[in-house]
J.: 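Please read through the structure below; I'll follow up with questions.
The structure presented is a predicted model; accordingly, all values stated were derived computationally and were not measured. Proteins come first, then strands; the chains are lettered A, B, ... in the order of their sequence lines, and each starts at number 1.
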2 protein chains.
Amino acid sequence: MDKSLYACDSCQHKLCAGRVSLFTSLDTDQLLQVIKLIVHKEYKKGELLLFEGEVRNDLVIVNKGQVKAFRNTIDGREQILYIFSEGDFFGEKNLLRDQPSNYAVEALEETHVCIIHKNDFQKLVKEYPDIGLKVMEVLCQRLDRLENAVETMGTRTVGARVSSVLLEFADKFGKQSPQGIIIDLPLSREGIANYIGLTRETVSRKMSSMQDQGLIEMIGNKKVLLLNRTALEKSIE
Amino acid sequence: MDKSLYACDSCQHKLCAGRVSLFTSLDTDQLLQVIKLIVHKEYKKGELLLFEGEVRNDLVIVNKGQVKAFRNTIDGREQILYIFSEGDFFGEKNLLRDQPSNYAVEALEETHVCIIHKNDFQKLVKEYPDIGLKVMEVLCQRLDRLENAVETMGTRTVGARVSSVLLEFADKFGKQSPQGIIIDLPLSREGIANYIGLTRETVSRKMSSMQDQGLIEMIGNKKVLLLNRTALEKSIE
DNA sequence: CATAATCTGTGACCGGGTTCACGATTTAAA
DNA sequence: TTTAAATCGTGAACCCGGTCACAGATTATG
């Protein structure tokens, strides 16, 4: 089957659920069944999809765009925990019990989501156990990422912290180009700082020095060209 | 049924699996079935249960004792990620795919574990779906803890970091007493430092100053009396 | 119970990251 | 395209936590 059929844009939301890895094990008929359960919603840049402490009973799947999940810390900072983009979901804890959210979620750009009610999703999981396994797999990936994050934030050297973000973003948002990997940064300098527990100024200075060393090249504020990935990896050590 | 029957000590390993929350939904007959699949193993203080990067295909359940899960970081530190004690398990990622471990696991004291093979556990999950849900629930709790940890490690003030560990340990290892909550610390000062990304000296100094302020009282090196929990919580802000 | 091994507390110094400030650049909006 | 708003880069001073060193306390061991 033509994969483009699954694209949200070309199908007017008919098979958009098919793009989400949670549902890759389903065939078209099953997908149609799923889509009946889904509510669509759109958010503009800066809008909140979820408040910190809010209690909800549904699962939200990002279909287009990007959001950040963050907490306002006791010392007045903003700690960003996750960047969710196409195919990612949040609210999985709601599947088990009604708990207030650990974090707020804000759109970083125009964002479209699919929302599915807890009860419906639970039924889906019972009918198609593969979906439950997928959820578990994603949770494990998220644990991996946070375990890395804890290590990174415990690191004393700033260079290692900044390098590790750039490498993480390169894997998730980078595109290969003749000169190297071009990263579309999902966050501003301040956002990056809030992701790794530093200040905007420190991130700025470090990226400048990395550019001087020929490791990266900044293209405007929202793109970075990774000139030498292996050198950057080594610079962590 | 007398719950003491489930205790590992009093039953010579006959129903020890019943103590583990993973299996609380099973009745005695089912438990007996599970126990046939389990291999027991014991470790002395300081022994490694799992090496960083090791690939295994089983799930390890702590039945008695305590272990720490940690990584050796690129800048020579040791970053402790988890303290696992009675009823906790690790190796859950092995259920999905054969992946090298993100961390090493070392016994903090004499520790007894139950080991169950991946294939057997997967069968169990299929037969008793509640077990799978329990696993998911534990994974979500672990995410909660790491999300908190990331926030804590991003915090600039040392006081907030130390307070948050003490509060976490109070919840997990504390016992109410007339004077306050007595915490049996699972880690040395250095261990605590490696848990929150500081140095031993800094932790030492901060705990001394907390004692001077009348917030805590140190009893030897391995116990702490939490005199004023709410004051400590506020001291974070 | 004694002794060794380990862990802990604290002072002094140093360095790197934060803070504050402000001009320059980039991006978004009209 | 122009203008306004947001973001970014960088210098200077300060301050807090790391590092090093060592004595004292605690815990483990025989």
Side-chain angles (χ1 to χ4, degrees), chain A residues 44-47 68 73 75-80 106-110 152-163 165 184-213 216-224, chain B residues 44-47 68 73 75-80 106-110 152-163 165-166 184-213 216-225:
Chain A
K44 286 184 209 139
K45 175 176 175 178
E47 280 189 296
K68 66 174 176 184
T73 69
D75 59 341
R77 292 172 45 252
E78 169 180 306
Q79 177 64 51
I80 298 178
E106 181 185 319
L108 292 169
E109 58 187 49
E110 163 111 9
T152 297
M153 306 204 35
T155 305
R156 307 234 197 293
T157 64
V158 171
R161 294 209 206 183
V162 176
S163 302
V165 193
D184 272 294
L185 294 175
L187 298 172
S188 65
R189 298 285 180 279
E190 183 156 24
I192 294 174
N194 289 336
Y195 194 60
I196 54 180
L198 296 173
T199 59
R200 175 182 69 78
E201 293 90 332
T202 303
V203 171
S204 209
R205 277 187 254 266
K206 198 68 205 176
M207 285 179 67
S208 295
S209 89
M210 283 173 158
Q211 183 164 245
D212 294 343
Q213 290 171 57
I216 63 173
E217 198 171 293
M218 301 190 255
I219 307 167
N221 293 333
K222 318 204 88 183
K223 281 186 205 293
V224 166
Chain B
K44 287 184 208 139
K45 175 176 174 178
E47 279 189 296
K68 66 174 176 183
T73 68
D75 58 340
R77 291 173 45 252
E78 168 179 307
Q79 176 64 52
I80 298 178
E106 182 185 317
L108 292 169
E109 58 186 50
E110 163 111 11
T152 297
M153 310 220 9
T155 305
R156 305 233 198 295
T157 64
V158 170
R161 294 209 205 183
V162 176
S163 301
V165 191
L166 290 178
D184 272 293
L185 295 174
L187 297 173
S188 65
R189 298 286 179 280
E190 182 156 25
I192 294 174
N194 289 337
Y195 195 59
I196 54 180
L198 296 173
T199 59
R200 175 182 70 78
E201 293 90 331
T202 303
V203 172
S204 208
R205 276 187 255 266
K206 199 66 206 178
M207 285 180 68
S208 293
S209 89
M210 284 173 158
Q211 183 164 247
D212 293 345
Q213 290 171 59
I216 64 173
E217 198 171 292
M218 302 191 253
I219 307 166
N221 294 332
K222 318 204 85 181
K223 281 185 205 293
V224 166
L225 176 60

J.: Specify the separation, in whole Å, of atom CG of Asn221(A) and atom C1' of dA28(C).
T.: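 It works out to 13 Å between those atoms.
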
J.: Regarding Glu190(B), tell me which of base, sugar-phosphate or nothing describes its non-hydrogen contacts under 4.0 Å with the strands shown.
T.: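 Sugar-phosphate: the residue Glu190(B), judged by heavy atoms under 4.0 Å, touches backbone atoms but no base.
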
J.: Of Val203(A) and Met218(B), whose nearest nucleotide on DNA chain C comes first from the 5' end?
T.: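 Per heavy-atom nearest nucleotide, the more 5' residue is Met218(B).
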
J.: Just to be sure I understand the rule, does Ser188(A) reach a base, reach only the sugar-phosphate, or reach nothing, if contact means heavy atoms closer than 4.0 Å?
T.: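 It contacts sugar-phosphate atoms only.
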
J.: Checking the side chain of Gln79(B) only, and the main-chain atoms of Thr73(B) only, is there a donor and an acceptor separated by less than 3.5 Å?
T.: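 Absent.
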
J.: Roughly, in whole Å, what's the span from CD in Glu201(B) to P in dA23(D)?
T.: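 From Glu201(B) CD to dA23(D) P: 16 Å.
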
J.: Within the distance-only criterion (no hydrogens, no angle test), does the side chain of Asp75(A) pair as donor or acceptor with the backbone N or O of Thr157(B) below 3.5 angstrom?
T.: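 Judged by distance alone, no pair lies under 3.5 Å.
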
J.: Could you state the interatomic distance from CE (Met210(B)) to CG (Leu166(B)), rounded to the nearest 0.5 Å?
T.: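 Reported to 0.5 Å precision, the distance equals 6.0 Å.
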
J.: Which whole-number value in Å describes the distance from Arg77(B) CZ to dG17(D) C1'?
T.: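 Spelled out: CZ on Arg77(B) to C1' on dG17(D) is 13 Å.
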
J.: How close or far is atom P of dA6(D) from atom NZ of Lys45(A), stated in whole angstroms?
T.: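 Answer to the nearest Å: 10 Å.
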
J.: Determine the contact category for Ser208(B): base if any of its heavy atoms lies under 4.0 Å from a base atom, sugar-phosphate if only primed atoms, P, OP1 or OP2 are that close, otherwise nothing.
T.: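 The answer is sugar-phosphate, as Ser208(B) gets under 4.0 Å only of primed atoms, P, OP1 or OP2.
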
J.: Using a heavy-atom cut-off of under 4.0 Å over every strand shown, decide if Met207(B) touches base, sugar-phosphate, or nothing.
T.: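 No contact.
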
J.: Out of curiosity, Ile219(A) CD1 to Glu217(A) CD, how far, rounded to the nearest 0.5 Å?
T.: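 Ile219(A) atom CD1 to Glu217(A) atom CD measures 6.0 Å (nearest 0.5 Å).
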
J.: What about Arg200(A): does its side chain form a donor-acceptor pair under 3.5 Å with the base of dG9(D)?
T.: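 For Arg200(A), whose side chain was compared with the base of dG9(D), there is a donor-acceptor pair (under 3.5 Å).
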
J.: So for Arg205(A) and dT19(C), does any side-chain atom that can act as donor or acceptor lie under 3.5 Å from a complementary atom in the base?
T.: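 Yes, the side chain and the base share a sub-3.5 Å donor-acceptor pair.
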
J.: Round to a whole Å and report the spacing from CG of Leu198(B) to P of dC16(D).
T.: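 For the pair Leu198(B) CG and dC16(D) P, the rounded distance is 15 Å.
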
J.: For dG17(D), does OP1 or OP2 lie under 4.0 Å from any side-chain N or O of Thr199(B)?
T.: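 No, no such contact exists.
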
J.: Could you tell me the separation between the CE atom of Met210(B) and the C1' atom of dG9(C), rounded to a whole number of Å?
T.: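 My rounded result for the distance is 16 Å.
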
J.: Roughly, in whole Å, what's the span from CD1 in Ile192(A) to P in dC8(D)?
T.: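 After rounding, the gap between these two atoms is 8 Å.
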
J.: Where each residue is assigned the nucleotide of DNA chain C containing its nearest heavy atom, which of Gly220(B) and Lys223(A) is assigned the position nearer the 5′ end?
T.: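 Checking each residue's closest nucleotide, the 5'-ward one belongs to Gly220(B).
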
J.: OP1 or OP2 of dA28(D) less than 4.0 angstrom from a side-chain nitrogen or oxygen of Lys222(B), does that happen here?
T.: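 Yes.
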
J.: State whether the side chain of Thr155(B) and the backbone N or O of Thr152(B) hold a donor-acceptor pair below 3.5 Å, judged by distance alone.
T.: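 Present.
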
J.: Given atom CD of Gln211(A) and atom C1' of dT10(D), what is their separation to the nearest angstrom?
T.: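 Distance check: Gln211(A) CD to dT10(D) C1' gives 14 Å.
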
J.: Of the options dT8(C), dC8(D), dG18(D), whose atoms approach the side-chain atoms of Ser204(B) most closely?
T.: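 My answer, after comparing the listed nucleotides, is dT8(C).
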
